[in-house]
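Start at 1 and go down the list; that is how both ligands and their atoms are numbered. We use all heavy atoms of the structure for the numbers below, so side chains are in, but hydrogens, waters and symmetry mates are not.
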Amino acid sequence: MEIVLATRNKKKIEEIKRIIGDILISILTLNNFPGCLEVEEDRSTFEANAVKKAMAIAKCVGKPSLADDSGLEVYALNGAPGILSSRYAGEGADDRKNIEKLLYEMHSIDDEKRGARFVCCMALAFPDGSVKTFFGHVEGRIGKEPRGFNGFGYDPVFYPEGQSRTFAEMTDEEKDTLSHRGKALRELRSYLEEIKIFE
Ligand code: ITT
C-alpha cells in the first residue's frame with residue numbers, strides 16, 4: 001500500500017521512515033503532490049491538528065495519509081510552547097530562534113522546576129473520511145544551554161527522564177526508543193500489522 005506523509009518537516013519524514021518504512025510498500029510525501037494546498041494548523045490540540053492535516057491530504061490525493069502533530073510542553077510555562085512549538089519565536093522562526101526564546105523565557109527557573117514533555121499525535125486518514133489516531137509522549141527536563149547536533153527542533157535542550165544526554169546527543173536509534181514519535185509510530189505499526197493493510 002502507498003501512504004502519503006502529510007508533513008513538510010524532513011526530519012519527521014526521516015524518523016517516520018526509520019520506524020515504519022520497512023512495512024509499507026511505498027511512502028510518498030507532499031513533494032509528490034504539489035497541487036495540495038498548505039493545511040492551516042488552527043486547531044487547539046495536537047490531535048485535532050493531526051486529524052485535520054491527514055484528512056485534508058487523504059482527500060486531496062485519494063490515498064491514505066499520515067500526519068504528525070507534535071510539540072514540547074513545559075510545565076513551568078503552563079504547557080507552552082505546546083501546539084505553537086514550531087513557531088514559538090514567530091512565524092517562520094527556525095529551531096535556533098525557538099530554542100533561544102525558550103531558554104530566555106526559562107532563564108530564572110531553577111533546575112528542579114524545568115520539567116517538560118514532548119507529545120506526538122499521529123493521524124492516519126483514509127480517502128473515505130475514516131481516521132485513526134496514535135499517541136506518544138516522553139517526560140524530561142529542559143537544560144540551560146543547547147547540547148548536541150543530532151535530531152531537530154528542541155532536541156538540543158531536552159533531556160529525557162533518567163538520561164544525562166539530550167536527544168541531540170543521542171543516536172537515531174536511542175532517540176527512537178525513547179521518543180514521543182517513536183512510541184506513537186510503534187502503536188501505528190502494530191495497528192498496520194494487525195489489519196495487514198500494507199500487503
Ligand atoms: P508539519 O506540520 O509539516 O508536519 P512542523 O515542523 O510545522 O511540520 P508541527 O506543527 O507538528 O510540525 O510542529 C512540531 C514542532 O515541535 C517542531 O517544529 C519542533 O519544534 C517541535 N518538535 C516536535 N517533535 C520534536 C522532536 O522529536 N524533537 C524536537 N523538537 C520536536
| field | N-O pairing of Glu145 and Arg147 below 4.0 Å | value | yes
| message | Run the side-chain hydrogen bond (donor to acceptor under 3.5 Å, both in side chains) test on Tyr159 and Glu169 for me, step by step, so that the C-alpha distance in whole Å, both residues' side-chain angles and the decisive distance to 0.1 Å come before the verdict. | response | CA-CA 10 Å; Tyr159 290 84; Glu169 294 179 293; 4.7 Å; no
| Partners of Tyr154 by ring pair (Phe, Tyr, Trp, His ring centres under 6.0 Å), sequence neighbours excluded? | none
| field | Fellow cluster residues of Met55, listed by chain then number, with links counted only when side-chain atoms sit under 4.5 Å apart | value | Val51, Val131
| said: Tell me every residue that passes ring pair (Phe, Tyr, Trp, His ring centres under 6.0 Å) with Phe134, counting only those two or more places apart in sequence or in another chain. | reply: Tyr191
| field | Sorted by chain and number, the residues that approach ligand 1 to under 4.0 Å with a heavy atom | value | Thr7, Arg8, Asn9, Lys12, Glu41, Lys53, Asp68, Asp69, Ser70, Gly71, Ser85, Ser86, Phe118, Phe152, Gly153, Tyr154, Asp155, Lys175, His180, Arg181
| field | Lys/Arg N to Asp/Glu carboxylate O, Asp42 vs Lys52, below 4.0 Å | value | yes
